[in-house]
Amino acid sequence: MIEALLLLARLSLGLAGVLGLGYVLVNRLTPSLTRLEQAAAGFGVGTLVITLWMLALSSLELPFTLLLVLAPPVSLASGLYVGQHILGRRRPRKPDTAPPPPPASPPCGLWDWLFISLLAVLFLFVTLRAVMYPMWSWDAIATWGFKAKVFYLRDAVDLGGFEAHNYYPNLVPLLLSYLYLWLGQVNDHVVKLVFPLWGAALLMLLFGMLRRLGLGRTPALGLTTFYALNGVTLITHLFIAYADLAFTYFALGAAGFLYIWLKGGVSARILPLIALFFAGITWSKFEGTPLAASILLAAALTLLWLRPPHLARRLAFLAWPLGGLLLGYLPWRLFALSHGIETGSDHILGFYPQQFLKAIPALVLALINPTLFGILWPTAALAAVLARKKLFTTPVLFLALFLGGNFLAILLAYAVAPTSPFEFHLYLRATLDRLLLHLAPVAALLIGEGLKEHLRLS
Amino acid sequence: MNLKPPTHPGPYRLLRVVLVLFGLQLAWLAWLLHKDLADLTRRLWSRTWGTAVRQEDPFYRWLADLSRVIPPESTYLFLDNYEAGKEIEARYHLFPREHLLLLPASPPSLMFHVLKQHQVSYLIRRDGEPPPGPGLQALLDLGAAKPLNLPGTGQVLRVDPQLVSGGFYD
């Protein structure tokens, strides 16, 4: 028992390192965010900085040790903190022109407590489910968890001697390796505590964004609960060691904050943070680059369609997320090139129209299957109908373009997937829920817009 | 969320419908997860978690025995279908041993090439597989692979790559 407690304490220190580092960086970058938002965003930024630094260590042929992994990023954060503190004394900070976050709500009512209780039960379940069971799911032991074990045991990003989609980006494996460094061993059940924590950060991020859309605390909390407890897909990813939860988190951070910026809910000072979320997208999964590009395209098209004041300047601001995309993409591509890691061709070999046609009903069925996502997607469709008047006249267009564009991208991805006709339905079953999972929090934002409209009309 | 009765027809009706459907969905979710919940409760009660969960799997116990037999610097060949999902477990648990995979029905040419090229010292096959394929049969006929006495859910053979000679064709 004492040993288990010690392991938990060591893991907590490792997680606190990630969170603390990220929190300081986000706090320095975007002081106008609430503490809750800074903590939620800080978790992702901390993982991004630490794992990219670990990749840099391997490029420099330096082995992973706690000191080498932690000292430089912590020094950077401390330097930033101290530097801005000193500069801030000399030069007063430019006031943030963005609207302030919604005022604090009155004490929690019955509905608030109901939603908080539902979320508490969910997190009790997924936390126990994560830490009591070792890694067992396919991709966890075939890819993400396996690489984490290899990197930890070899003290480096060393992919020699095996083939486990070696060209995939390594944010999740490196984060697990970093936690193994803290644990001093490969303990693949205790380490999974990071996934419920990541889920909590995702929900906090969503809650903060819904508040910035103008929803009161209770509707925002209700909608966050609605998102979390609709179907088993998200719940399952809160306790298995896949990269999809991290990917979903970064996708929400990038698309959600960009949307709020388009709406004028935050100032342009949020853009460096958005850039880091874009980096997280491309550094966590192979399909991150097209997804990040789809967010950028949706934002550019929305600006061009709506033609807001200072259009050219606002379009130029999109260089930030583009830079973030490259920050997440290039280091790993350069590392892979310099180490002879070939990008797999298992994703694109040709165009198969029959697969495209088969994927259409499969996608529709997945969207309405209550086991996968409950009533989330039908409610998002309803919200789109409710917000239809705003669809072509406000930045809600961005949400519609992002979701619609990615549905089409999913169908096209299936059309080029090189699977045999006998296995295609299995391929769909194994991947479709995850692809929709990445988009689901953005659907929750669309529901937020619909709910706002509904509450206004009522 | 103010759910007071509407002052004019229609308000919140849609929201209430969605909330009722969500409530039904929560019941469906609870049903879907009830087996997981029961197992979780049982494990909490009996204090069987972590490594103890793995120990319940005979294949894992056999792999643990294998890891005591196969030295960490060795290379082994696993004969299986990737889709069975067992070789990925073997690779995960037997790391840092170098892992190779071939189909059970591999011909002698391919198998011998792999054994020679990678200096394979052990060959693993799971229980429930059909009789040895042509590659393994040829290896056994050659006397280059000898079964080890390691009872479990599969069979492990010691391979002597020096005895694997070339000069053969399918």
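Just so it is clear: chains get the letters A, B, ... in the order the sequence lines come, proteins before strands, and each one is counted from 1.
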Original post:
Most heavy-atom pairs under 4.5 angstrom with chain A, which of B/Leu40, B/Val53, B/Leu37?
Top reply: B/Leu40
**OP:** Identify which part of A/Leu229 has an atom lying under 4.5 Å from any heavy atom of chain B, answering side chain, backbone, both or neither.
**Re:** both
Original post:
Which answer fits A/Leu221, side chain, backbone, both or neither, if we ask what part of it has an atom under 4.5 Å from a heavy atom of chain B?
Top reply: neither
Subject >> Which portion of B/Glu87 sits near chain A, non-hydrogen atoms under 4.5 angstrom >> reply: neither
Original post:
So what's closer than 4.5 Å to chain A heavy atoms on B/Leu26: side chain, backbone, both or neither?
Top reply: side chain
**OP:** Measure distances from A/Glu163 to the heavy atoms of chain B and classify the residue's part below 4.5 Å as side chain, backbone, both or neither.
**Re:** backbone
Subject >> Best-contacting candidate, A/Gly109, A/Pro370, A/Gly161, A/Pro378, against chain B by heavy atom pairs under 4.5 angstrom >> reply: A/Pro370
Original post:
In terms of heavy-atom contacts, does CD of A/Glu3 have more than 12 from other residues, nucleotides or ligands at under 6.0 Å?
Top reply: no
Subject >> Derivation of the side chain to side chain contact (heavy atoms under 4.5 Å, CB included) call for B/Arg91 and A/Ile141 >> reply: CA-CA 9 Å; B/Arg91 186 176 70 171; A/Ile141 57 167; over 6 Å; no
Subject >> chain A interface, residue from B/Pro96, B/Ala52, B/Gly85 that has the most non-hydrogen pairs under 4.5 Å >> reply: B/Gly85
Original post:
Less than 4.5 Å apart, any side-chain heavy atom of B/Leu15 and any of A/Leu451?
Top reply: yes
Original post:
Out of curiosity, B/Leu44 CG to A/Leu128 CG, how far, rounded to the nearest 0.5 Å?
Top reply: 5.5 Å
Subject >> CH2 (A/Trp113) with more than 12 external heavy atoms under 6.0 Å >> reply: no
Original post:
What pair of heavy atoms forms the shortest contact from A/His454 to B/Leu14, and how long is it?
Top reply: CE1-CB, 3.5 Å
Subject >> Greater than 12 external heavy atoms within 6.0 Å of B/Arg61's CZ >> reply: yes
**OP:** With a 4.5 angstrom heavy-atom cut-off, could you sort out which part of A/Leu426 is near chain B: side chain, backbone, both or neither?
**Re:** neither
Subject >> Worked check of side-chain hydrogen bond (donor to acceptor under 3.5 Å, both in side chains) between A/Tyr133 and B/Asp39 >> reply: CA-CA 11 Å; A/Tyr133 294 76; B/Asp39 190 62; 2.5 Å; yes
Subject >> Structural part of B/Tyr60 lying under 4.5 Å from a heavy atom of chain A >> reply: neither
Subject >> A/Asn187, part contacting chain B, at a heavy-atom distance under 4.5 Å >> reply: neither
Subject >> Side chain, backbone, both or neither of A/Leu118 within contact of chain B (heavy atoms, under 4.5 Å) >> reply: side chain
Original post:
A/Phe226 vs B/Phe22 aromatic rings, parallel, tilted or perpendicular, using cut-offs 30° and 60°?
Top reply: tilted
Original post:
So which of A/Val186, A/Asn230, A/Ile375, A/Leu376 has the largest heavy-atom pair count under 4.5 angstrom toward chain B?
Top reply: A/Asn230
Original post:
So which of B/Arg47, B/Glu98, B/Arg54, B/Arg43 has the biggest tally of heavy-atom pairs under 4.5 Å with chain A?
Top reply: B/Arg54
Original post:
Using non-hydrogen atoms only, which part of A/Leu110 is less than 4.5 Å away from chain B: side chain, backbone, both, or neither?
Top reply: neither
Original post:
Considering all heavy atoms of both residues, which atom of A/Pro134 and which atom of B/Gly50 are nearest to each other, and what is their separation?
Top reply: CG-O, 3.4 Å
Tabulate below the donor-acceptor pairs under 3.5 Å that side-chain atoms of residues 145-152 of chain A make, not counting sequence neighbours, or state none.
residue: A/Lys147; atom: NZ; partner: A/Ala164; partner atom: O; Å: 3.3
residue: A/Lys147; atom: NZ; partner: A/His165; partner atom: O; Å: 2.8
residue: A/Lys149; atom: NZ; partner: B/Tyr92; partner atom: O; Å: 2.6
residue: A/Tyr152; atom: OH; partner: A/Gly184; partner atom: O; Å: 3.2
residue: A/Tyr152; atom: OH; partner: A/Gln185; partner atom: N; Å: 3.2

Subject >> OG1-CD distance between A/Thr379 and B/Gln25, expressed to the nearest 0.5 angstrom >> reply: 9.5 Å
Original post:
Of the listed residues (A/Asp188, A/Val131, A/Leu153), which shares the most heavy-atom pairs with chain B below a 4.5 Å separation?
Top reply: A/Asp188
Original post:
How long is the span from the CG atom in B/Leu32 to the OG1 atom in A/Thr371, to the nearest 0.5 Å?
Top reply: 5.0 Å
Original post:
For B/Thr51, is it the side chain, the backbone, both, or neither that has a heavy atom closer than 4.5 Å to a heavy atom of chain A?
Top reply: both
**OP:** Measure the spacing between CH2 of A/Trp136 and CD of B/Glu89 and express it to the nearest 0.5 Å.
**Re:** 12.5 Å
**OP:** With sequence neighbours left out, write down each residue that passes side chain to side chain contact (heavy atoms under 4.5 Å, CB included) with B/Gln162, or none if nothing qualifies.
**Re:** B/Gln119, B/Asp160
